[in-house]
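Along the sequence shown, residues carry numbers from 1. Indexing begins at 1, ligand by ligand and atom by atom, following the structure's order.
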Amino acid sequence: MRLTPELAAAFAGVRRELFVPEGFHRRDGSRVEPGDPAFLPSVYRNDVLVTKLNGDKPISSSSQPSLMAMMLGALDVRPGMRVLEIGAGTGYNAALMAALGAEVTSVDVQEDVAARARSALDRAGAAGVRVVAGDGYLGVPDFRYDRIIVTVGVAGFSPHWFGQLAPGGFVMAPVEHAGHHPVLAARPGDPMTATVVCSSGFMAAAGPLGARHSGSHPPSAGILAAMAETAPPRWASPLDAIVYRDLWYAAGAWDHRATLAGLPGREQNHLALLDATGTGGAVIPADGSVLAGGPEAERYTADAVALIDRWWSLGRPPMSAWQVSLALDGDPAAPIQVPRTWTLPPPRR
Ligand SMILES: C[S@@+](CC[C@H](N)C(=O)[O-])C[C@H]1O[C@@H](n2cnc3c(N)ncnc32)[C@H](O)[C@@H]1O
């Protein structure tokens, strides 16, 4: 991807190592301490740095820089804008937005994480950033923001955010869809709608932002054993990662059983349709084959093949083509705006 000169200057000017002073875990689980020879090379790899675990579950991190760059590019932050960030984490993304000239308020639900982000921002000399501890569901109602960026995976948009936007502002958030968190951009309106910015993988938010709802996909499954190939590969070379995500997005729009699953011996995660009981389902790898298992393997195979056919016959729509309508759902005491229907523009004649 090509960075704007302003974004390139922000990445060049903000030192990421200042935001992980106590070390981190890499994606493969290995630990890197500040004194290790691998420290700086790992900090400047295009990868997530996990800074806090609960058991073996990551609960805070510095996100993958290419994803941050994509989101910041689409956020279109300009000097003087007020930005609210949900998920302060290490403070690195907030520092980048400050370097772009924004006045940033960043909130994190974990007090110790918020405190460490504050110290890191001080160390880095980032001006114009304030870190608040609290649940981002409520936003931070002290200002009207030109942009709200959410850097943790959510099930939907908090209605509070729309009430805290300045005229012309919008909210960008990674919203759960079929086992991933594609990033959506939403503006206040009636009805509420959103567009798809890019694919992403984020840890899930705590509290009402992470609530399950009537349209939730099945939770991602671990490794599915006992699946056998029931339809042969459709493509001689597998879809590349971006196009596979496009198929995945469409599957999630059309079928509520769509989610993410692993297969034995394969590193990659796969698009899967899972049945509610967890006894069976089908997996669609990137070569377009189908693997199915359980008592309804035949029906699952037919449904998976029909999904691929539908996506193919529509000209393989990219995820960015979808319009998403939102509706209130989730915890009735703290509802969120969740994706409810997905539409594609009519085909061009
Ligand atoms: C991936 S990290 C954010 C990365 C961060 N922007 C950075 O630059 O390092 C996600 C953060 O979201 C926080 N979080 C989770 N649920 C939250 C919630 N409901 N409100 C605010 N923050 C939340 C976590 O504590 C975690 O620190």
Before you tell me yes or no, could you show the steps for R118 and D122 under salt bridge (Lys or Arg N to Asp or Glu O under 4.0 Å), namely the whole-Å CA-CA distance, both residues' side-chain angles and the distance that decides it to 0.1 Å?
CA-CA 6 Å; R118 242 177 249 125; D122 279 351; over 6 Å; no
So W235 and W312, would you call those rings parallel, tilted or perpendicular, with 30° and 60° as cut-offs? tilted
Among non-hydrogen protein atoms, atom 10 (C) of ligand 1 lies closest to T151 O, 3.5 Å
closest protein heavy atom to atom 9 (O) of ligand 1 is T90 OG1, 2.6 Å
heavy-atom search around atom 8 (O) of ligand 1 in the protein gives N93 N, 2.9 Å
Item to complete: Could you please spell out the steps behind the ring pair (Phe, Tyr, Trp, His ring centres under 6.0 Å) verdict for H177 and W342?
Response: CA-CA 11 Å; H177 180 84; W342 295 262; 5.5 Å; yes
Heavy-atom proximity to atom 14 (N) of ligand 1 ranks first, among I149, V109, V20, for V109
protein heavy-atom neighbour closest to atom 16 (N) of ligand 1 works out as A206 N, 3.0 Å
Anything under 3.5 Å between a donor and an acceptor, one on a side chain of residues 153-166, the other on a protein residue two or more places apart or in another chain? List them.
from, atom 1, to, atom 2, distance (Å)
S158, OG, Y137, O, 2.5
S158, OG, H160, N, 3.1
W161, NE1, G136, O, 2.8
Q164, OE1, V140, N, 2.9
Q164, NE2, L138, O, 2.9

So, does G207 sit close enough to ligand 1 that a heavy atom of it is under 4.0 Å from the ligand? no
So is Y137 in contact with ligand 1, going by heavy-atom distances below 4.0 Å?
-> no
among protein heavy atoms, the one nearest atom 12 (O) of ligand 1 is G87 CA, 3.4 Å
Short version for A88: what comes under 4.0 Å of ligand 1, heavy atoms counted, is backbone
*Plane angle bin for W248 and H180 - parallel if under 30°, tilted between 30 and 60°, otherwise perpendicular*: perpendicular
- Item | Worked verdict on I59 versus Q110 for side-chain contact (heavy atoms from CB on, under 4.5 Å) | CA-CA 9 Å; I59 52 169; Q110 303 186 68; 3.6 Å; yes
Of all protein heavy atoms, the one nearest atom 11 (C) of ligand 1 is D108 OD2, 3.5 Å
What one should report as the nearest heavy-atom pair of V43 and E17 is CG1-N, 3.6 Å
Run the contact test for G134 against ligand 1 with a 4.0 Å cut-off on heavy atoms, strictly below, and give the result.
yes
Exactly one of L53, D56, V32 clears side-chain contact (heavy atoms from CB on, under 4.5 Å) with H25, and that residue is L53
Nearest non-hydrogen protein atom to atom 20 (N) of ligand 1, with distance, is G136 N, 2.8 Å
*asked:* Below 30° counts as parallel, above 60° as perpendicular, anything between as tilted: where do the rings of F19 and Y92 land?
replied: tilted
At under 4.0 Å between heavy atoms, what of E85 touches ligand 1? The answer is side chain
Atom 4 (C) of ligand 1 sits nearest the protein heavy atom S61 O, 3.1 Å
